[in-house]
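These figures come from a predicted structure and were not determined experimentally.
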Amino acid sequence: MANTTYLHIIDKEESTVLNKPIFDAVPETKETAYPLLKNVLETGDSYSADEFAVTLNRYNKQELAYFNLVFYPLKEENENTGVIVVAYEVTEEVKARYLLEEREKAFRDIVMDSPIAMAIFRGHDLIIEMANKTMMRTIWQKEEKDCIGIPLLKVFPELENQKYPELLHDILTSGTTIRENEAIAYVDIKNKLKKFYLDYEYTPLYEKNGQISGIMCTVNDVTSKVKARKKLEAAEARARLTTEIGEIAIWDLNLKTKKLIYSNTLLSIFGFEKDKKLVHQDIRTRILPEDERIVADAFAKALKNGIYKYEARILKVDNSIAWIKVHGKIFFDENKEPSKMVGTLMDFTTEKESQQVLMKSEKKFRLLADSMPQLIWTSDTLGNLNYFNETVYNYSGLTKEEIEKNGWLQIVHPDDREENVKLWMESVKTGKDFLFIHRFKRYDGEYRWQLSRAIAQLDESGKVQMWVGTSTDIEEQKNFTSQLEDQIIERTTQLELKNRDLVNMNIELQSFAYISSHDLQEPLRKIQTFASRLADLDEQNISANAKAYLNRIEFSAKKMQNLIQDLLTYSRANSADRVFTKVKIDEIAEEVISDFSDRIEEKNAVVEYHDLGEATLIQFQFRQLLHNLVENALKFSRPGISPIVKISVTQVYGKSLPNAEFKDKMYYHLQVTDNGIGFELIYKEKIFEVFQRLNTESEYKGTGIGLAIVKKIVENHKGFITVSSEKDKGSTFNIYIPDLSEINI
């Protein structure tokens, strides 16, 4: 049995189907349906399927059809004798759904590949449901796994303080579509907020029940366009400002209609009122008749090369005359006919007048230069000589053409040319004055010495504009200098001979020092010895007068011995080998104090020092220096007052000392202070001279050489000494010695 619907589905007549095997009618379905039917028949288990696909040959074509069907077993007396087939064809519905899915897929692909950034946000939390490639790559610059299914503000927390979250929530409530162009948004791109300009549209998405469930967001990134426009606007603003500041007028002239478009600066240049409407003829008639030819020639030339420029005078509205400079360009139409001209116009009266003044000045300069006996020349900024006065041509016998052809170096002596060029180019490079003594060839072939000097002429900003040079004949001075050099050589020879004599005298002085230390002291020792023996004789065998004479002999011998020893010390300070070593000053001070231990104890004196440091010194001389200063401090103490001597060393910069020889070195400042008798400052220089004493020998014993030795030792160390004192208030000696560790003495 087969009902009409079944026959219609398979497109068969009842006579061709009933009482015949089913697959004779629809053999194309056997492969698909036979296994299922056979299973139902054999097992008695029913089978059902939705959208079961089979291929049918019907309506003169082969077609894929879809059915919702059920296969039931037909039972008779508990035996399966057949199969009941119930089928409902859903081919059109399935195909329609597939078509819709394909269209949806195609639409989704279009959306995903769209150059316009798109995204869908769902629910109150604005969960990102979809974002196309443009949104992901260009705007968000993130991966899908970091966005899809995640709330918008969790992905972009930087939006929290911007207007967009509030707008999106308003759309979910009101259903209003919002559009905005060139909106500013800040998006975190690789941990840095990036500014975007966006054209966006927020559209609500509705469910079947009319509820708003989401928002479709479309965004077009116009950042590049906006930035380009803003740059163009800024450039236009700068150009406009430049023309206004520079008082440059801009104009546009239609050559066919003579319609003129211009900036307001044009009115002010010609002296018109601000609200005056100008036509081309208003400007053209202001050109002075004498300069009409200039304008006409400029236009004729512009018709050939397209460039329009001239300088001419105008009569302003107030009847004053001004200079204008016009620059423009002609544009041609498709028929190569001139259509319009665009350009600038500026008043350069002041500059023109300055040029005229400069031309007059240059004319005066050339007239003055040509009348001078000196060789005068000028050069451009690159060092190319471009002007010579008439004296150059008269001196050299060369014409202007000959110098231009073969160069100015032909005048210079061949031996001087290389150095001449070297020094000249160095001056051109650095801007420093050029100064050189060289020989120039005169018209008669004689070379004469010249002193050449060139000075750069600078503008207000210090940039070199040109060079002005002079060359002065110094042949006579040069000859005089040669004679003077000969005299100097002769005098030097004489000085060398004198120096040799001084060396010999110094050797003799050293011999004298040896005699003083040995030969002269030997008789003194004998006088002292025998005088001492005579004094030791029994007083009964010698008279009182003889005893007094012997004491005087012994005292004088002792005094002379001290004098010889001090002279020897002073001599050694002058001539001894100066070997500098690094020494500890505290150790030297300790040795000196030890020398005077008895006298310190006798006078109940105090000698203070601490942390004197190290210095590079001539050790034995410095010990003598400190010895003499401490000895003086102990010797010249006030009666009844315990001497107090203070020794200190500090370091000061040479640049802070007026008398310092080495301003860039450190100096050791040795200070020795006492509370002794002092002296008046009028004697501050005298006390350092040999044999100079401020007190009588009966008061204070000594030879007057001690401080002279101190000064000589200080000078041997390349230093200097000063003293300050006041009568009965003590003295302070200040010794300054440079750090000689890095100085070649």
Does the side chain of Val645 come within less than 4.5 Å of Val672's, by heavy atoms?
-> yes

May I ask you to decide if Gln671's main-chain N or O and Asn734's side chain share a donor-acceptor pair within less than 3.5 Å?
-> no

Backbone N or O of Gln450 within a donor-acceptor pair of the Arg439 side chain at under 3.5 Å?
-> no

Are Asn384 and Asp380 close enough that a side-chain donor and a side-chain acceptor fall under 3.5 Å?
-> yes

Working for side-chain contact (heavy atoms from CB on, under 4.5 Å), residues Leu625 and Leu670 = CA-CA 11 Å; Leu625 175 150; Leu670 172 67; 3.8 Å; yes

For His438 against Asn420, the heavy-atom pair lying closest together | ND1-OD1, 2.7 Å

For the residue pair Glu402 and Asn406, confirm or rule out a side-chain donor-acceptor distance under 3.5 Å.
-> no

Note: Glu446-Arg442 ion pair, threshold 4.0 Å (strictly below) = yes

Test Lys665 against Asp739 for salt bridge (Lys or Arg N to Asp or Glu O under 4.0 Å), laying out the working first.
-> CA-CA 7 Å; Lys665 299 296 180 183; Asp739 182 359; over 6 Å; no

Check: Ile376 main-chain N/O paired with Asn389 side-chain donor or acceptor under 3.5 Å = yes

Has the side chain of His717 got a donor or acceptor atom that lies under 3.5 Å from a matching backbone atom of Gly719?
-> no

Lys584 with Asp586: basic N within carboxylate O range, under 4.0 Å | no

For the pair Ser725 (side chain) and Gly730 (backbone), establish whether a donor and an acceptor sit closer than 3.5 Å, ignoring hydrogens and angles.
-> yes

Side-chain (Lys718) to main-chain (Phe662) donor-acceptor, under 3.5 angstrom = no

Looking only at atom types and distance, does a side-chain atom of Asp433 sit under 3.5 Å from a main-chain N or O of Ile455, one as donor and one as acceptor?
-> no

Can you tell me how far CD1 of Ile647 sits from OG1 of Thr673, rounded to the nearest 0.5 angstrom?
-> 9.5 Å

Please work out whether the ring planes of Tyr736 and His669 are parallel, tilted or perpendicular, with thresholds of 30° and 60°.
-> parallel

Spacing of OH belonging to Tyr667 relative to OH belonging to Tyr653, to within rounding of 0.5 Å = 14.5 Å

Ser471 side chain to Trp377 side chain, donor-acceptor N/O pair below 3.5 angstrom = yes

Report the relative orientation of the aromatic rings in Phe434 and Phe436; use parallel for angles under 30°, tilted for 30 to 60°, perpendicular for over 60°.
-> tilted

Taking the six-membered ring for Trp and the full ring for Phe, Tyr or His, determine whether the centres of Trp467 and Trp424 are under 6.0 Å apart.
-> yes

NZ/NE/NH1/NH2 to OD/OE distance under 4.0 Å, Lys712 and Glu715 = yes

Heavy-atom neighbours of Glu601 CD exceed 12 at 6.0 Å | no

Is the backbone of Val652 close enough, under 3.5 Å, to the side chain of Ser656 for a donor and an acceptor to pair up by distance?
-> no

Side chains of Lys603 and Ser637: donor-acceptor distance under 3.5 Å anywhere?
-> yes

Would you say the side-chain atoms of Arg417 pair up with the backbone N or O of Val412, donor to acceptor, closer than 3.5 Å?
-> yes

Is the closest basic N to carboxylate O distance between Arg448 and Asp473 below 4.0 Å?
-> yes

Does any donor atom in the side chain of Asn386 or Thr378 lie under 3.5 Å from an acceptor atom in the other side chain?
-> yes

Quiz: residues 592-600 side-chain donor-acceptor pairs under 3.5 angstrom, not counting sequence neighbours:
residue: Asp595; atom: OD1; partner: Arg623; partner atom: NH2; Å: 3.3
residue: Asp595; atom: OD2; partner: Arg623; partner atom: NH1; Å: 3.2
residue: Asp595; atom: OD2; partner: Arg623; partner atom: NH2; Å: 2.8
residue: Ser597; atom: OG; partner: Ser594; partner atom: O; Å: 3.2

Intermediate values then yes/no, side-chain contact (heavy atoms from CB on, under 4.5 Å), Asn479 and Trp449 | CA-CA 9 Å; Asn479 292 335; Trp449 286 100; 5.6 Å; no

Do any N or O atoms from the side chain of Asn394 and from the backbone of Glu390 form a donor-acceptor pair under 3.5 angstrom?
-> yes

